[in-house]
Protein chains: 2
Amino acid sequence: MQINIQSDGLPIYQQIANQIRYRIAARNLKPGDEVPSIRSLAESLRVNPNTVARAYRELETEGMLEKRRTKGTYVAEQDHQQSIRQRARQLEPHLDTLIMYAVQLGLSLDHVTEQLRERIEVLEKRRTKNKEDLA
Amino acid sequence: MQINIQSDGLPIYQQIANQIRYRIAARNLKPGDEVPSIRSLAESLRVNPNTVARAYRELETEGMLEKRRTKGTYVAEQDHQQSIRQRARQLEPHLDTLIMYAVQLGLSLDHVTEQLRERIEVLEKRRTKNKEDLA
DNA sequence: ATCTCTGTATTAATCCAATAGTACAGTTGC
DNA sequence: GCAACTGTACTATTGGATTAATACAGAGAT
């Protein structure tokens with residue numbers, strides 16, 4: 001498993017969790033697939049087993065992974081895959097954080113939704129432009 | 001100046017900054033108003049001057065406050081008041097963070113805007129309900 | 001001049017999250 | 001039984017962020 005660790009401030013265990021989360025979302029990893037064992041991944045990243053364990057534990061709590069003791073760790077079968085609702089619930093605290101910031105900046109909430117829409121447009125355009133550049 | 005400090009994990013200097021930011025946004029503090037001196041506020045909160053100084057420095061960077069050396073610290077005249085654009089720019093990194101989370105959760109960006117809209121509605125209702133309860 | 005008020009700078013103590021070191025416990029297959 | 005693999009638990013180190021202690025520097029009032 002190709003995981004890139006950078007010393008860019010973001011904790012290692014989160015970098016691992018993010019990258020696996022992303023692969024699952026992109027269906028690059030599918031339900032039932034086995035992910036590297038804690039020890040082997042720790043070894044290949046030259047990182048302590050506990051660090052990988054923490055990433056896996058977090059993903060397990062989210063219902064992304066499923067540990068089978070003495071067997072290994074696998075991408076969970078159901079849960080996150082079909083249930084958008086569950087994932088949406090995980091996004092909620094981040095929404096609240098954003099709203100809190102907006103309130104503190106004295107920005108109206110209508111303004112925030114509008115600004116978010118605009119920001120997404122910008123990012124989308126950038127993304128499609130990159131694809132064109134590659135073609 | 002009535003500032004409440006709680007030991008709830010949020011750093012003291014941020015609690016101070018937040019509360020002042022909020023008052024300015026609510027026009028409870030107006031441009032030109034003087035805020036308590038670093039030393040006096042520090043004393044009344046039983047906190048180190050540097051802690052208050054840090055809050056003020058942050059607000060100054062944001063263009064909210066304006067220090068006049070040997071005079072005191074004042075709510076800035078222009079800047080934040082009329083320029084929504086400036087405040088919006090400060091919100092941008094938070095928008096990006098939210099978008100990043102959404103992508104990692106495999107949620108479409110349209111979904112995010114929709115969920116944000118819904119979340120805001122909930123909070124708005126809760127807010128108006130509280131007002132009714134008080135009446 | 002000196003007292004008293006501004007904000008500032010430097011260094012030290014403290015605390016906590018992240019990570020490592022290392023030993024433990026269960027299962028499987030030889 | 002024992003080797004080789006799973007995930008886990010416990011303790012120690014470290015590094016960074018927060019806060020404190022304390023001293024500094026400028027301006028105004030008396």
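Heavy-atom basis, side chains included; hydrogens, waters and symmetry copies ignored.
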Pairwise side-chain contact, B/Tyr56 with B/Ser37, heavy-atom cut-off 4.5 Å (strictly under):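 B/Tyr56 vs B/Ser37: side chains apart.
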Between A/Asn18 and A/Arg21, is any pair of side-chain heavy atoms under 4.5 Å apart?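 They are in contact (side-chain heavy atoms under 4.5 Å apart), so the answer is yes.
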Can you pull every protein N or O that's under 3.5 Å from an N or O on nucleotides 9-12 of chain C?
from, atom 1, to, atom 2, distance (Å)
C/dA9, N6, B/Asn50, OD1, 3.0
C/dA9, N6, B/Asn50, ND2, 3.1
C/dT10, O4, B/Asn50, ND2, 3.1

Side-chain donor/acceptor of B/Lys30 to backbone N/O of B/Arg27, under 3.5 Å: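 Flag set: sc B/Lys30 to bb B/Arg27 pair under 3.5 Å.
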Would you say A/Glu58's side chain and A/Gln14's backbone share a donor-acceptor pair under 3.5 angstrom?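 The answer is no, because no donor-acceptor pair under 3.5 Å joins these two groups.
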With hydrophobic residues grouped by side-chain heavy-atom distances under 4.5 Å, do A/Met1 and A/Ile16 end up in a single group?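 Same cluster: A/Met1 reaches A/Ile16 through Ile, Leu, Val, Met, Phe, Trp or Tyr contacts under 4.5 Å.
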Could you go through nucleotides 16-18 of chain C and list every protein N or O atom that sits under 3.5 Å from one of its N or O atoms, giving the distance for each pair?
from, atom 1, to, atom 2, distance (Å)
C/dA18, OP1, A/Tyr13, OH, 3.4
C/dA18, OP2, A/Arg54, NH1, 3.3
C/dA18, OP2, A/Arg54, NH2, 2.6

Any side-chain N or O of B/Lys71 under 4.0 Å from OP1/OP2 of C/dC5? no
Check the phosphate of C/dC5 against B/Thr70, side-chain N and O only, distance under 4.0 Å to OP1 or OP2. Yes or no?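 No, because none of the side-chain N or O atoms of B/Thr70 sits under 4.0 Å from OP1 or OP2 of C/dC5.
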Hey, which of these two, B/Arg39 or B/Thr51, hits DNA chain D nearer its 5' end, going by closest nucleotide? B/Thr51
Give one of base, sugar-phosphate or nothing for A/Ser40, where a contact means two heavy atoms less than 4.0 Å apart. nothing
At the 4.0 Å heavy-atom cut-off to chain A, mark where contacts on DNA chain D begin and end, going 5' to 3'. D/dT6 to D/dC10
